[in-house]
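Just so it is clear: chains get the letters A, B, ... in the order the sequence lines come, proteins before strands, and each one is counted from 1.
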Amino acid sequence: MTSGEFLSLSVELTLGMVIISVALAFFRLFRGPSLPDRVVALDMMTVAIVAFCGAAAVLYEQVAFLDVGLVLALVGFLATAALARYAERRRLRKEEEKEQP
Amino acid sequence: MNSVILRVGTRFLVGLLLIFSIHMLLRGHNEPGGGFIGGLIGAIGFILYAIACGTEDARAALRTAPERIAMAGLGVALLAGVLAAFFGDPLFTGQWYFIGDQKSGDYIPISTVLVFDIGVYLVVFGSILSLVFALEEAI
């Protein structure tokens, strides 16, 4: 086995495993009984897709995939922070409703 | 949201995002990138800052109203388009100017396309930020 064959085999294995992890995270997103479960599942999907972009950049020898991964990682952080604040505000609102009546 | 971790992390990320947005803006035309995506990434930096430290601080960091930035960008883009009329071309035709020796290949091309892209950058940056700040303050 040459080094090139080994690399392509590793990349293909990586892509397969990343797809499995995205599917598992999607299952949690679909089932997730509470909002924080879904937020964590979305965050995990973002990280998995960033890894997918890195592997695709190696497989197709396209540097542009790395930019996609970089932007996705930065936007994913913003999405997680915004959703966390939404969850916090929703809890506060529920507590206010309980006190009022 | 009052989290020290988020606030410290944001302080590093905002600078990184703004530098990356300028990089995306200047790299456009020949490689993936351009004014639109650059403006979006720059706006994300300030949105992150607004989430971590509050809208008032983000507005203070921006120094001027985001609406004004969007308007200035529209003016810059229009200027770049109208400039073509002075050279006898149809409106919004790209005008190129080369600094240096063109034959030896050792030159820097300067075009109105870049000026137009900077205008697009400012429009996207300003309009997204004015939308998000308004939403943030309404909640």
Side-chain angles (χ1 to χ4, degrees), chain A residues 11 15 32 34-100, chain B residues 1-55 57-58 121 124-125 128-129 131-133 135-139:
Chain A
V11 169
L15 292 181
S34 68
L35 182 69
D37 288 333
R38 295 202 163 97
V39 174
V40 171
L42 263 182
D43 194 38
M44 185 185 153
M45 277 169 89
T46 314
V47 173
I49 293 168
V50 169
F52 190 91
C53 288
V58 175
L59 186 65
Y60 299 112
E61 293 178 2
Q62 284 280 331
V63 189
F65 278 115
L66 292 179
D67 297 322
V68 177
L70 186 56
V71 173
L72 200 62
L74 291 169
V75 174
F77 179 69
L78 173 76
T80 312
L83 281 170
R85 207 174 49 144
Y86 171 68
E88 202 177 57
R89 273 192 185 157
R90 211 172 66 148
R91 202 193 61 201
L92 284 175
R93 204 168 286 171
K94 266 185 192 166
E95 279 171 10
E96 275 174 17
E97 276 173 11
K98 264 183 200 170
E99 282 168 14
Q100 272 173 1
Chain B
M1 197 144 68
N2 220 349
S3 157
V4 179
I5 298 171
L6 183 64
R7 224 181 283 169
V8 174
T10 299
R11 217 169 282 167
F12 289 107
L13 270 178
V14 169
L16 192 71
L17 277 160
L18 289 180
I19 290 172
F20 189 60
S21 81
I22 301 283
H23 169 76
M24 271 289 184
L25 165 68
L26 294 180
R27 198 180 62 159
H29 199 70
N30 292 330
E31 277 179 79
F36 190 82
I37 180 77
L40 279 179
I41 293 170
I44 284 169
F46 273 95
I47 293 169
L48 207 58
Y49 194 75
I51 284 177
C53 306
T55 326
D57 281 12
Y121 177 92
V124 172
F125 185 79
I128 295 284
L129 275 184
L131 273 174
V132 171
F133 285 169
L135 274 174
E136 280 283 319
E137 282 158 3
I139 295 172

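- Paired with A:Phe77 under the rule side-chain contact (heavy atoms from CB on, under 4.5 Å), one option of B:Ile44, B:Leu13, B:Leu17 passes, and it is B:Leu13.
- The shortest side-chain heavy-atom distance between A:Leu78 and B:Ile51 falls under the 4.5 Å cut-off.
- At most 12 heavy atoms of other shown residues, nucleotides or ligands fall within 6.0 angstrom of atom CD in A:Glu61.
- Other residues, nucleotides and ligands contribute only 12 or fewer heavy atoms inside 6.0 Å of the CD1 atom of B:Ile5.
- How far CG of B:Leu6 is from OG1 of A:Thr80: 10.5 Å, rounded to the nearest 0.5 Å.
- In this structure the side chain of A:Asp67 reaches within 4.5 angstrom of the side chain of B:Arg27, judged on heavy atoms.
- Heavy atoms of B:Leu48 lying under 4.5 Å from chain A belong to its backbone as well as its side chain.
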